[in-house]
Amino acid sequence: MKTIFQNKWKKNHADAKPEAAKRDYSRQIAFLNRYSLLFHALLACTLVFVIEVCSRRSLIDACSFLGSHAFAFFFNALIIFFTMSIVYLFRRRTLMRIIVSCFWLLLGIINGCVLSQRVTPFGYTDLKCISDLLTMTNTQYFTKTQEICVIILLGVLIVFLVVFALKGPKFQGHPHKIRAVCFCAGMGVLMSAATSMAHNSKQMASYFANIAQGYSDYGFVYGFSSSVMDRGMSKPSDYSESKIKEITQTVAEAKETASSYTVADSGKVVSDSGKGKQPNVICVLLESFMDPTEINFLNLSKDPIPNFRSLCDNFTSGYLTVPVVGAGTANSEFEVLTGMNLRFFGTGEYPYKTILKETDCESIASDLSALGYGTHVVHNNGGNFYSRANAFSQFGFDTFTSKELMNIQEYTPLGSWPTDDILIGETEKALDSTPDKADFVYTITVQGHGSYPEEKILANPEIKVSGAETEEKNNQWEYYVNQIHEVDKFIKNLTDMLSKRDEDTILVLFGDHLPTMGLTDDDLTSGDIFKTKYATWNNFGLEQKDADLAAYQLLAYTTEQAGIHEGTIFTYHQASEYDTDNDQYQNRLENLQYDILYGERYCYDGIDKYPASDLEMGVDKTHIYSYRKNADGSLSIYGDHFTNWSRIYVNDEKMSTTFITDKQVVLPAEYTAELEDGDILKVCQVGSSNTIFRTTENAMVYYETDEHITTAPVSEMDEPEKQS
């Protein structure tokens, strides 16, 4: 009897436990629902703190941010609190809280990872560069292992959210949907008003001249949110047709009185009347290039850039203020090629990824094309990186030779990037491709690109480096300095090549940004991490006129020296004496930029004066001459100008391809066995995302019994004669 009673008691007690637990759980949920706004406020503050720890990669620095920038800290929390308001629109409120929290935490973690590789923090436009990042796998910048880890972590997070969505709690009360919508709308109005008040009171900046410093002072959440909300260009308050006409009239008058370029002791007669010969203009972007002797703490065994320094001593040169630090090459490039100021765009914006996706834009290429120039780009990196192929078409370039069109054989010691010597021959090819024209060639180097290894890579470096705070930092600086030294040799080889040509030529070289090495203003002789250097060279006696410039002024200043006065923006700079601190100068530049990219194009009388070009990839025309079957069953295709990015296409389907030489590629035996009589063979140069940049001028029809088929070993096969 006692046993029966005990069993019954145990059963009732066991049943009571779940019931009690359910009641406790229900009370907890009810408590959280009642005080959910307070809970959201505490959660928002916690998230901001954790995000700052991730972004700054330091608990102490996060605490310092809270103590010294309390207003900014709580303003960041207000932004997250605002995004939390959407949970009231759903029954699964806990799930939505987790999703919103994970969203912000994920962004904070990404920012920390980005800042470990570069100085510029993570912004909205970087999301448009994900495809570019994936093309950089197996480099020091983004490894295959990192890619796999990211995919795994995202997969785990998605699985967790799916399970929680199926098993997690639901809100059991009345949803009050109208009240929830009104609350969210009210929070939106409050957020807008608070932002305006913060801007008007100068507590929060509406524009970051230094993006990295802006994120540091005002927090990641605010910085990233600004990059989302503040994109493109805002319409200037005084923008109008009369304003634009006033500016263009002033420029036209200045252009009429402009003299031809100054020639010192050359004896050559060249005028801007069109009777004289126009000079070639070569512009070279030097990736992450700077003068290492201007780093205060470094000790160098010898001068790493003697050739660049010689140009600075003998030709026009100076400091160049660029819009980015440590990364963002495309933005320095945009300023140089267009003459436009990135300051007038949204926080952290890449115009290549935004407005230039849909709008053509006047540039130095389109301006010089109007004077009869051939215009070319040469770059030993991917044609799709930063959406360059599209951007250069919008700029009006004629040709673009990217790495996919180059037979690249030499790489940096890490194997991360091609060396730059190949660009000399490719630049010369571009010049030779239009023998009856003057040329503008824009050459982009890549050898100096980061990141730089902490372990010692160079056993016997030509230049020894010391003075950094740790051995790892010394290794990084030593690797960087020796790569820059190699780039300096490239500069000498380039000027040697140009000097042998019987053509008037002006060369301008510039660093796009400082390297990703954590430099501060105090570390530099210039006192400014946004200052790089530029140098020029010419072979027809231009007078040396040193000047410190902004990147958007560089080519206007250079072409003015060469007697070239063409283009809306460039002639504006030439007429305005390059005074970056003049408010009227900047206001007029802002109006012109807006008019060209977002406005009514009053400066062109409303027409599309500079449409996008039909950009041709590469200057070499490629052909297939013959094919033959090998003893191992594979198929060799012979032609010209093949590269590591050549792919055989059979009936317009891309096949696995083995690159042998610039005259031979091979289709593996397993695919050759599937060929049938009548199949169409061609070879294409393929970029990322399977973009076909160029196709052989001819295709060939495959026949098993064709006379071009032989079973002779490859080593015994002479280069086939060209098929007519």
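For the numbers below, each heavy atom of this structure counts, side chains included, while hydrogens, waters and symmetry mates do not.
- Annotation: cation-pi geometry not satisfied between Arg388 and Tyr352 (NZ/CZ under 6.0 angstrom from ring centroid, within 45° of ring axis).
- Looking at Ser526, its side chain does come within 3.5 Å of a backbone N or O of Asp528 through a donor-acceptor pair.
- Separation of the His69 and Phe65 ring centroids falls under the 6.0 Å cut-off.
- Considering every non-hydrogen atom in both Ala77 and Ala44, the closest pair reads O-CB, 3.4 Å.
- Side-chain polar atoms of Gln447 and Thr445 form no donor-acceptor pair below 3.5 angstrom.
- Cation-pi geometry between Lys235 and Tyr598 is not met: the NZ or CZ atom fails to fall both under 6.0 Å from the ring centre and inside 45° of the normal.
- Side-chain contact annotation: Tyr239 with Asp595, donor-acceptor N/O pair under 3.5 Å present.
- Counting heavy atoms of neighbouring residues, nucleotides and ligands inside a 6.0 Å radius, atom CD1 of Ile60 does not exceed 12 of them.
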_Walk me through whether Cys283 and Thr443 qualify under side chain to side chain contact (heavy atoms under 4.5 Å, CB included)._
CA-CA 6 Å; Cys283 179; Thr443 299; over 6 Å; no
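- Within the 3.5 Å criterion, the main-chain N or O of Val221 finds a donor-acceptor partner in the side chain of Asn76.
- In this structure, the side chain of Asn587 does not engage the main chain of Asp583 through any donor-acceptor pair within 3.5 Å.
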*Report the C-alpha distance between Ser387 and Asn390 in whole Å, list the side-chain angles of each, state the deciding distance to 0.1 Å, and finish with yes or no for side chain to side chain donor-acceptor pair (under 3.5 Å).*
CA-CA 6 Å; Ser387 298; Asn390 171 75; 5.9 Å; no
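- Residues Gly326 and Thr516 share a closest heavy-atom pair of O-OG1, 2.7 Å.
- For the residue pair Thr520/Asp523, the side-chain donor-acceptor check at 3.5 Å is satisfied.
- With hydrogens and angles disregarded, a donor-acceptor distance shorter than 3.5 Å links the side chain of Trp417 to the backbone of Gly450.
- Between the CD atom in Gln203 and the OG1 atom in Thr195 there is a gap of 13.0 Å [rounded to 0.5 Å].
- Of all the heavy atoms in Ser366 and Tyr610, the pair that sits closest is CB-CD2, 3.5 Å.
- The closest side-chain donor-acceptor pair between Glu333 and Tyr386, if any, does not fall under 3.5 angstrom.
- Checked by atom type, the side-chain pair Thr354/Glu349 shows a donor-acceptor distance below 3.5 Å.
- Remark: the backbone N or O of Tyr602 is not paired with any side-chain donor or acceptor of Glu241 at under 3.5 angstrom.
- Residue Arg601 qualifies as enclosed at atom CZ: its count of foreign heavy atoms under 6.0 Å is above 12.
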*Could you go step by step and tell me if Tyr585 and His573 meet the side chain to side chain donor-acceptor pair (under 3.5 Å) rule?*
CA-CA 9 Å; Tyr585 169 69; His573 290 309; 2.7 Å; yes
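- No side-chain donor from either of Ser689 and Thr691 sits under 3.5 Å from a side-chain acceptor of the other.
- Judged by distance alone, the side chain of Ser201 and the main-chain N or O of Ala198 form a donor-acceptor pair under 3.5 Å.
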_side chain to side chain donor-acceptor pair (under 3.5 Å) evaluation trace for Tyr604 with Glu362_ = CA-CA 11 Å; Tyr604 304 150; Glu362 183 183 352; 2.4 Å; yes
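- When all heavy atoms of Gly382 and His379 are compared, the closest pair comes out as O-CD2, 4.5 Å.
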*Check the pair Lys243, Ser240 against side chain to side chain contact (heavy atoms under 4.5 Å, CB included), reporting the backbone distance first and the verdict last.*
CA-CA 5 Å; Lys243 175 77 173 182; Ser240 65; 3.4 Å; yes
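- Partner of Phe334 under the ring-ring contact (aromatic ring centres under 6.0 Å, His included) criterion, out of Phe345, Tyr552, Phe344: Phe345 alone.
- More than 12 heavy atoms of other residues, nucleotides or ligands lie within 6.0 Å of CG in Asp608, so this atom counts as buried by the packing criterion.
- Judged purely by distance below 3.5 Å, without hydrogens or angles, the side chains of Ser416 and His449 never pair a donor atom with an acceptor atom.
- With Ser393 contributing its side chain and Ser613 its backbone, the two residues share a donor-acceptor pair below 3.5 Å.
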*side chain to side chain contact (heavy atoms under 4.5 Å, CB included) evaluation trace for Asp579 with Asp581*: CA-CA 6 Å; Asp579 187 359; Asp581 295 325; 4.0 Å; yes
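- Taking both residues in full, the closest heavy atoms of Ile80 and Ile51 are given as CD1-CD1, 4.1 Å, listed atom of the first, atom of the second, then distance.
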*Show your reasoning for whether side chain to side chain contact (heavy atoms under 4.5 Å, CB included) applies to Leu615 and Phe693.*
CA-CA 10 Å; Leu615 185 72; Phe693 284 139; over 6 Å; no
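- Checking side-chain atoms of Glu335 against main-chain N and O of Val322 turns up no donor-acceptor pair under 3.5 Å.
- Between the side chain of Tyr88 and the backbone N or O of Met84, no donor-acceptor pair lies under 3.5 Å.
- Between Ile596 and Met340, the shortest heavy-atom distance links the atoms CG2-CE, 4.0 Å.
- Ring centers of Phe289 and Tyr534: at least 6.0 Å apart, outside the cut-off.
- Checked against Phe224 for a ring-ring contact (aromatic ring centres under 6.0 Å, His included), the options Phe122, Phe103, Tyr218 give a single hit: Phe122.
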*Output, in order, the C-alpha distance, side-chain angles, deciding distance and verdict of side chain to side chain donor-acceptor pair (under 3.5 Å) for Ser288 and Tyr480.*
CA-CA 9 Å; Ser288 301; Tyr480 167 76; over 6 Å; no
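- Counting only distance, with no hydrogens or angles, the side chain of Asp512 and the backbone of Leu285 share no donor-acceptor pair below 3.5 Å.
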